[in-house]
Student: 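So that we are looking at the same thing, I have put the structure below in structure tokens.
So you know, we letter chains A, B, ... as the sequences are listed, proteins then strands, and number each from 1. Below, each value reflects all heavy atoms present in this structure, side chains not excepted, and no hydrogens, waters or symmetry copies.
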There are 2 protein chains.
Amino acid sequence: MDRFLSSSVNRIDAKGRVSVPAHFRSVVQKRGYTELYALRCLDQPAMDVGGLDLLDRYEQRIAQEDPFLQTADDMSFFCHGDGAFLKLDQDGRITMTDFIREHTGIGQEVAFVGRGQFFQIWEPGRLAEHGAKVRERLLKLMQAASGGPAQ
Amino acid sequence: MDRFLSSSVNRIDAKGRVSVPAHFRSVVQKRGYTELYALRCLDQPAMDVGGLDLLDRYEQRIAQEDPFLQTADDMSFFCHGDGAFLKLDQDGRITMTDFIREHTGIGQEVAFVGRGQFFQIWEPGRLAEHGAKVRERLLKLMQAASGGPAQ
DNA sequence: CCCGTTCCCGTTGACGCCCATAAACCCCCA
DNA sequence: TGGGGGTTTATGGGCGTCAACGGGAACGGG
């Protein structure tokens with residue numbers, strides 16, 4: 001399996017470290033990532049984490065823009081400047097910096113959420129909240145499409 | 001890694017010196033920059049810092065303009081005259097001159113922001129302000145493109 | 001001679017490396 | 001099917017290294 005799947009919550013220790021779930025670590029290794037890059041999500045209090053290929057998609061998009069327009073500058077600012085490297089230590093842990101805590105609201109615990117090609121980092125409470133909203137939206141979509149709740 | 005990525009804030013000492021983040025220094029070395037060149041951003045209270053190839057980007061921009069128009073002359077004045085060399089001392093520090101402080105509003109602390117091919121220098125407060133605006137603009141862009149937030 | 005700059009050294013705190021422990025998990029076997 | 005026992009994982013902590021930082025001293029130009 002080479003995709004990031006499932007989710008789990010781990011505790012942060014006194015030094016600010018937290019273990020990346022073993023399953024995610026094996027995916028990281030299988031994909032040959034030598035370092036992890038974390039990006040602040042635009043519309044969620046979460047970080048997107050993956051290899052540097054996370055940037056490829058954005059950089060291709062930026063290349064399509066006129067490099068001297070504001071949009072291109074904004075995009076570059078977002079994907080190059082609003083990110084951080086996450087170094088895995090020898091025990092497979094990463095440290096939660098203020099940069100991450102500020103955006104996510106993470107305090108003592110971290111929720112890791114698989115997203116296929118990458119994974120996310122959340123404050124567990126906010127993740128639950130977000131999950132409820134997502135389910136609600138999907139439910140409404142289904143009801144609108146079929147004229148009633150599926151069963 | 002040969003791109004300027006991520007961001008961090010460092011303090012300025014009593015002599016006006018500030019450490020360039022170690023990661024940025026290694027990129028500078030890897031790219032073979034013998035000296036750093038800093039330009040005043042046109043539309044932001046920030047400095048663009050990089051090798052002399054930073055000028056290529058602006059000269060390319062100037063080439064797009066009609067050389068008989070004032071715009072081209074203005075741009076040339078800006079990129080050839082409104083810049084400064086930044087000397088790295090033996091400990092990897094640069095000096096914050098009044099030239100930089102004037103344009104950026106930098107006081108006691110400096111935020112270094114990776115931008116891929118170059119990096120920027122900001123006053124931390126203004127950076128946060130700018131970042132918020134950028135995220136807002138990009139969000140609107142996303143919503144306009146897809147009719148709703150992604151995912 | 002003064003002032004600003006550069007070099008060099010010491011301090012401090014953050015981070016990476018290592019080891020220890022405890023809990024969870026898996027597999028084999030009775 | 002219900003244990004053992006070994007293995008892996010999560011987590012805590014000691015310790016060394018290095019980056020960031022502060023300050024003294026040497027250097028050089030005006």
Student: I need the CG-P distance between B:Leu86 and C:dT5, as an integer number of Å.
Tutor: 13 Å

Student: When we call it a touch if two heavy atoms are under 4.0 Å apart, what does B:Val20 touch: a base, just sugar-phosphate, or nothing?
Tutor: sugar-phosphate

Student: What's the CZ-C1' distance between A:Arg11 and C:dA24, to the nearest Å?
Tutor: 13 Å

Student: 5'-most contact on DNA chain D: B:Asp13 or A:Val18, nearest heavy atom basis?
Tutor: A:Val18

Student: Side chain of B:Arg17, base of D:dG23: donor and acceptor closer than 3.5 Å?
Tutor: yes

Student: Would you mind reading off the distance between B:Asn10 atom CG and C:dG13 atom P, rounded to a whole angstrom?
Tutor: 16 Å

Student: Run the ring-centre check on B:Phe112 versus B:Phe4 and record whether the distance is less than 6.0 Å.
Tutor: no

Student: Pick the nucleotide of DNA chain C nearest each of A:Asp91 and A:Lys87; which residue has the one closer to the 5' end?
Tutor: A:Lys87

Student: To the nearest angstrom, how far is A:Asp98 atom CG from C:dC15 atom C1'?
Tutor: 14 Å

Student: Against the six-membered ring of A:Phe99, is A:Arg40 placed for a cation-pi contact (under 6.0 Å from the centre, within 45° of the normal)?
Tutor: yes

Student: Would you say B:Leu141 ends up clustered with A:Leu39 if hydrophobic residues are merged whenever their side chains have heavy atoms under 4.5 Å apart, either directly or through other cluster members?
Tutor: yes

Student: Could you tell me how far apart B:His23 (NE2) and D:dA19 (P) are, to the nearest whole angstrom?
Tutor: 13 Å

Student: Could you state the atom-to-atom distance from CE of B:Met96 to P of D:dA20 in whole Å?
Tutor: 14 Å

Student: Can a side chain N or O of B:Gln90 be found less than 4.0 Å away from OP1 or OP2 on C:dT6?
Tutor: no

Student: Categorize A:Lys15 for me: base, sugar-phosphate, or nothing, with a 4.0 angstrom heavy-atom threshold over every strand shown.
Tutor: base

Student: For A:Phe112 and D:dT9, what is the distance between atoms CZ and P respectively, to the nearest whole Å?
Tutor: 15 Å

Student: Whole angstrom is fine here: how far is it from CZ in B:Arg25 over to P in D:dC21?
Tutor: 11 Å

Student: Decide if the gap between the ring center of B:His23 and the ring center of A:Phe85 is smaller than 6.0 angstrom.
Tutor: yes

Student: So B:His130 and A:Phe77, ring pair (Phe, Tyr, Trp, His ring centres under 6.0 Å) or not? Walk me through it.
Tutor: CA-CA 10 Å; B:His130 176 71; A:Phe77 184 92; 4.9 Å; yes

Student: Given D:dT11, D:dA10, D:dC21, identify the nucleotide with an atom nearest to the side chain of A:Pro21.
Tutor: D:dA10

